[in-house]
Every structure is written in structure tokens, then in C-alpha cells.
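Below is one structure, written out as C-alpha cells; the observations come after it.
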Amino acid sequence: MRGRLGGLASDDTLIYVTAGVSQAVTRLSYPGGDGDDMRYTGAVFGAGVETRLAANLYGRVEYLHSVLGKRDFLGGLYDARPETGVARIGLLFKPSESDWRDAPFSVAGPQTPPLRESWTGAYLGAHGGYAWGSTRLSNEFASADGIGGGGGVGGLLLGYDYQHGRSVFGLEIDGSGGGPSSTAGVTLPLFSPNAQIAYEWDYSIRARAGQLFGNTLLFGSAGWTQTYGRLTTVGLGGIGASHAFSGVQFGAGMETMLTAHVGARLEYLHSFYDKYASVLGSPIDARPTTGKTRAAVIYKF
């Protein structure tokens, strides 16, 4: 349950922040097959963009991050404090807009003329957001899934769009600094805990395609990405190594033009990277997966 507060970037587009209370139920499974449901309560924060697609139909892209309370187990011997992140796209139907008819601008009236005649052309932008990662560590005997963490990211992007009818196709290149860090808290055969993988930068090249609704583009993207990971460990003698992980990246988002040249974007990107075999000469393999939610300001030439 959340409240939200925002500002209208145009007659049809709302940019907002939201905060409230959240509950999550997790399943704790035991080796014998039994399990317990654990309920956590905490705070949730988020931001999003909502825009009119048709007379009563709206599209929304938003990210919600929940920081949940701590639960103790076995008389306080163990505790757990989960965090969750959700990036989602939704459609909303508003059956009546009578409350808006007296607004200073005519939301219920005809849609405002396009601010830009064509999306064809080059653009550049700056982006910032939050990323999280999950690393799978494994050898021939055992594996540890979901070793994860999070961190802030920011960087630059540039690309080119081509508009055909109401469809837009493009190619984009971007780079980011910062990122998630993952800490292993389990012991595998021949491998001790206290290993950390930090992703310090990444870049990608993606194709994207989308559909225009007024001044707003709903799009999906796919392409190639590379991230630089640094592994340090105590259990293997306190040594460290770095590795460039390559993989595929998929995404989706919403971009709206605020003026003839300035646009705002909110999107989610998910990356699947290749395996780093025999980490530091050990029998351990590492395979990361990362997710990134970000907002961007775009300038179209």
C-alpha cells in the first residue's frame, strides 16, 4: 500500500515517486522436503512514468524497492533481512475523467499535437539508477545459487532512431560505472566463504523497437553486453582476480518527449553472462546475472 506524488511533464505524462508499506512471504525449504512460510513487513519506495495511450487507457513503467524487517531463527542464532526489487510495465483503464475537466489544461480534450514531427535522428543522454546481481558458484560436487547484492549505477548513452509510421527502430550504445557486489556466505568443497564479486562497470550495444502513442514510445530491446567483475577471497589465501564477463541483455521501457528535443526515459535491463570457469585456478565456476533499473534524460538532435 503506497501513496504517490508527481508532476505532469506534459498534458498526458506523469512522472512520480511513491512510498509506503510492503509485506512479503518467502518459502524456507529444508533438505527433507519440508518448509515454512516466512512473512516479512517493511518499507517500499519507487518511481515511475505514466502516460496516456488512448482516451481512457494509460501505460505505466515503474520500479519498486522494498527493505523488509529482520526475522530471527533458532533463538537468534541466525537472522534474515530480505530486500526485493521489482521493475514492471502495466496498463491502466480509467473509466471516468470528469474530475479532470476543470484542470487548467484540457486533459479530457483532444490530444496535444506531437512535440516532434519525427523520431528519426541521433540522440545522447545521461542515465542513473540501481542495479543488482546474483552469482552462481559451482563445482562438480555442489553449487550455491542467488549470491547477490546491489549498488548504484550511472553513465552515458548514445544512439540513433528511425521512425516508420508509428513504429520506431534504433541502435543504442551505453556505458555505466558502479554496479552490484555479491558476497558468498556458504562453504563449498575446496572453497571457503568470504568471497566477494563486485561489478565495477559495464557497457552494451542493443537494438530496440517500439510503438508510438502520441509523444510516448513503448519499446523493447536486446543485444550484447560486457561487465568487468573483480573477485576477492579470503579462503583461497586472500588473493583476487578480475574478469570481463560477456553475455546477452534484454530490456523494456517507456520514453516520452517533453519538448521537441528533450525526452525522459524509464527502463529495465536484464543481463545473462557467460561462465567464468576455474576461478583463480580452483575448481569453482562463477556465472553472474544482473538486473538494472534506470532513468535517463535524452537529447534528440
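The structure displayed is predicted, hence computed values, not measured ones.
The ring pair (Phe, Tyr, Trp, His ring centres under 6.0 Å) test applied to Phe93 returns no partner, not counting sequence neighbours. Not a single salt bridge (Lys or Arg N to Asp or Glu O under 4.0 Å) links Glu83 to another residue, sequence neighbours left out. For Arg71, the salt bridge (Lys or Arg N to Asp or Glu O under 4.0 Å) criterion is met by no residue, not counting sequence neighbours. Legend: residues meeting side-chain hydrogen bond (donor to acceptor under 3.5 Å, both in side chains) with Thr227, ordered by chain and number and at least two apart, are absent. With sequence neighbours excluded, the residues satisfying side-chain hydrogen bond (donor to acceptor under 3.5 Å, both in side chains) with Thr120 are Ser118. For Arg88, the salt bridge (Lys or Arg N to Asp or Glu O under 4.0 Å) criterion is met by Glu62, not counting sequence neighbours. Under the side-chain hydrogen bond (donor to acceptor under 3.5 Å, both in side chains) criterion, Arg287 pairs with no residue at all, not counting sequence neighbours. With sequence neighbours excluded, the residues that form a side-chain hydrogen bond (donor to acceptor under 3.5 Å, both in side chains) with Thr216 are Thr51, Thr256. Under the ring pair (Phe, Tyr, Trp, His ring centres under 6.0 Å) criterion, Phe272 pairs with His270, not counting sequence neighbours.
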With side chain to side chain donor-acceptor pair (under 3.5 Å) as the test, would you mind laying out the steps for Ser176 and Lys292 before giving the verdict?
CA-CA 11 Å; Ser176 303; Lys292 182 191 305 182; 3.3 Å; yes
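With contacts defined as side-chain heavy-atom distances shorter than 4.5 Å, the pair Arg208/Leu217 qualifies. Using a 4.5 Å heavy-atom cutoff, the side chains of Ile15 and Leu266 are not in contact. Looking only at side-chain heavy atoms (C-beta outward), Val86 and Ser66 stay at 4.5 Å or farther from each other.
Residue Trp201 is found in a hydrophobic cluster whose other members, listed by chain and number, are Leu171, Ile173, Tyr203, Ile205, Trp224, Tyr228; membership requires side-chain heavy atoms under 4.5 Å apart, directly or through intermediates. Other residues sharing the hydrophobic cluster of Leu156, ordered by chain and number and joined by side-chain separations under 4.5 Å: none, the residue standing alone. Grouping Ile, Leu, Val, Met, Phe, Trp and Tyr by side-chain contacts under 4.5 Å, direct or through others, puts Tyr130 with Tyr63, Trp132, Tyr268.
The aromatic ring centres of Tyr299 and His261 sit less than 6.0 Å apart.
One finds a salt bridge joining Arg265 and Glu172 here, because a Lys/Arg side-chain nitrogen approaches an Asp/Glu carboxylate oxygen to under 4.0 Å. Between Arg52 and Asp11 there is no salt bridge, since no side-chain N of the basic residue sits under 4.0 Å from a carboxylate O of the acidic one.
Tyr273 and Gln226 share no side-chain donor-acceptor pair at under 3.5 Å.
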